[in-house]
Protein chains: 2
Amino acid sequence: MISPTAEYALRAIVAIAQAEGDAVVTSTIAEITKVPPGYLSKVLQTLRRAGLVDSKRGLGGGFTLTRPTDQMTVLDVVGAVDPIKRIETCPLRLDSHGRELCPLHRRLDQASELVEQSFAATTIADLLTEPGPSTPLCKSGPCAH
Amino acid sequence: MISPTAEYALRAIVAIAQAEGDAVVTSTIAEITKVPPGYLSKVLQTLRRAGLVDSKRGLGGGFTLTRPTDQMTVLDVVGAVDPIKRIETCPLRLDSHGRELCPLHRRLDQASELVEQSFAATTIADLLTEPGPSTPLCKSGPCAH
DNA sequence: AACTAATTGGACCCAAATATCCACTTGACG
DNA sequence: CGTCAAGTGGATATTTGGGTCCAATTAGTT
């Protein structure tokens, strides 16, 4: 459904969010999220360039969110690393179709639209506060690991 | 959203369906669908093993559907070549989670579920009969290419 | 100023998906 | 029964995404 990279990005954002403002270091995020540290570093770079996180180098550095969690959606995060591709023109390049999609591609694009809407409707804050047997990534709460 | 291979499979099924029972040869399907012939051949093999199409060798051979188009869904086709992966257990392998997903993964799985339902609700017949400015793949109808 | 913690960016590697090619088999038809 | 159209399956590229590694830079601390 979404790429491993997009999942990693979401996990990382959630991990940073859980620190509630404190800067979190890459190695810590890697531990919490179980993402390969080297690769996580690349993902965090992408998130920074997209303006979702801030980074500070040197001792006491790390990553922080640039916005409150209720103003950052799952779609923002996914879109930063691996945008959902909507079908806008006929993939078969039949120019006769113009802007209109054939029924097949119209349906496929509707599926993308559904996902997009679902992701846009969910904020990071929603993930943190949602009731349930465990908190995201199992960092704290009733889930002891 | 779906892999190129899954799209190819759908295009191929539609192309075969449009022949209304006549066997269609790989090279013809390749032309209509604009799929690389060699690769299409592999995809058709997969569809045959999944029981969605029949093949006949030799002169006059080709591919036919094994079921009426209103008894074959988009999900059937996608599932044959590239099944939609549902999230059933915690991807971080935190056994403490048991069968329960954390809020993040619950949301992600809901997105998969949406797509699955959407695909399951659409038959190949739906694609062929749906009104619109062009027929699927632009094989015939008001669309002249 | 030296030291150390931390991000940054580039080069490189690996595996899986995508795509190509070809030798082989099958089957219809003369 | 020979020939040719057509699917089958294996070997082999090619591409891309995921992942590793390391030298360079930045910045806080003593």
Taking only nitrogen or oxygen atoms into account, show me every contact under 3.5 Å that the protein makes with nucleotides 12-15 of chain D, one pair per line with its distance.
none

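Annotation: side-chain hydrogen bond (donor to acceptor under 3.5 Å, both in side chains) contacts of T122(A) (sequence neighbours excluded): R107(B). With sequence neighbours left out, P36(A) forms a side-chain contact (heavy atoms from CB on, under 4.5 Å) with Y8(A), Y39(A).
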Anything under 3.5 Å between a donor and an acceptor, one on a side chain of residues 80-87 of chain A, the other on a protein residue two or more places apart or in another chain? List them.
from	atom 1	to	atom 2	distance (Å)
D82(A)	OD2	S3(A)	OG	2.5
R86(A)	NE	D109(A)	OD1	2.8
R86(A)	NH1	E116(A)	OE1	3.0
R86(A)	NH2	D109(A)	OD2	3.0

Counting only pairs under 3.5 Å, give me each side-chain donor-acceptor contact of residues 50-69 of chain A, with atom names and distances, residues two or more places apart or in other chains.
from	atom 1	to	atom 2	distance (Å)
T66(A)	OG1	G51(A)	O	2.8
T66(A)	OG1	L52(A)	O	3.1
R67(A)	NE	Q71(A)	O	2.8
R67(A)	NH2	Q71(A)	O	3.4
R67(A)	NH2	D76(A)	OD2	3.1

Compile the donor-acceptor pairs under 3.5 Å between side chains in residues 22-32 of chain B and protein atoms, sequence neighbours left out, one pair per line.
none

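Taking 4.5 Å as the limit, some side-chain heavy atom of R11(A) sits within range of a side-chain heavy atom of L92(B). A 4.5 Å side-chain heavy-atom check between E88(B) and H105(B) finds every atom pair outside the cut-off.
Counting non-hydrogen atoms under 4.0 angstrom, P4(B) reaches the backbone sugars and phosphates but no base.
Going from atom CG of D82(B) over to atom P of dA17(C) covers 8 Å, rounded to whole Å. Rounded to an integer number of Å, the gap from CG of D22(B) to C1' of dA6(D) is 16 Å. To the nearest angstrom, C1' of dT20(D) lies 13 Å from CG of L40(A). Between the CG atom of D54(A) and the C1' atom of dT26(D) there is a distance of 15 Å, given to the nearest Å. Atom-to-atom, CD1 of I2(B) to C1' of dT18(C) comes out at 15 Å; the value is rounded to the nearest Å.
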Letter per nucleotide, 5' to 3', of nucleotides 4-10 of chain C [B base touched, S only sugar-phosphate touched, - untouched; heavy atoms, 4.0 Å]: -BSBBBB
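In terms of phosphate contacts, Y8(A) brings a side-chain nitrogen or oxygen within less than 4.0 Å of OP1 or OP2 of dG19(D).
Between L127(A) atom CG and C102(B) atom SG the span is 8.0 Å, to the nearest 0.5 Å.
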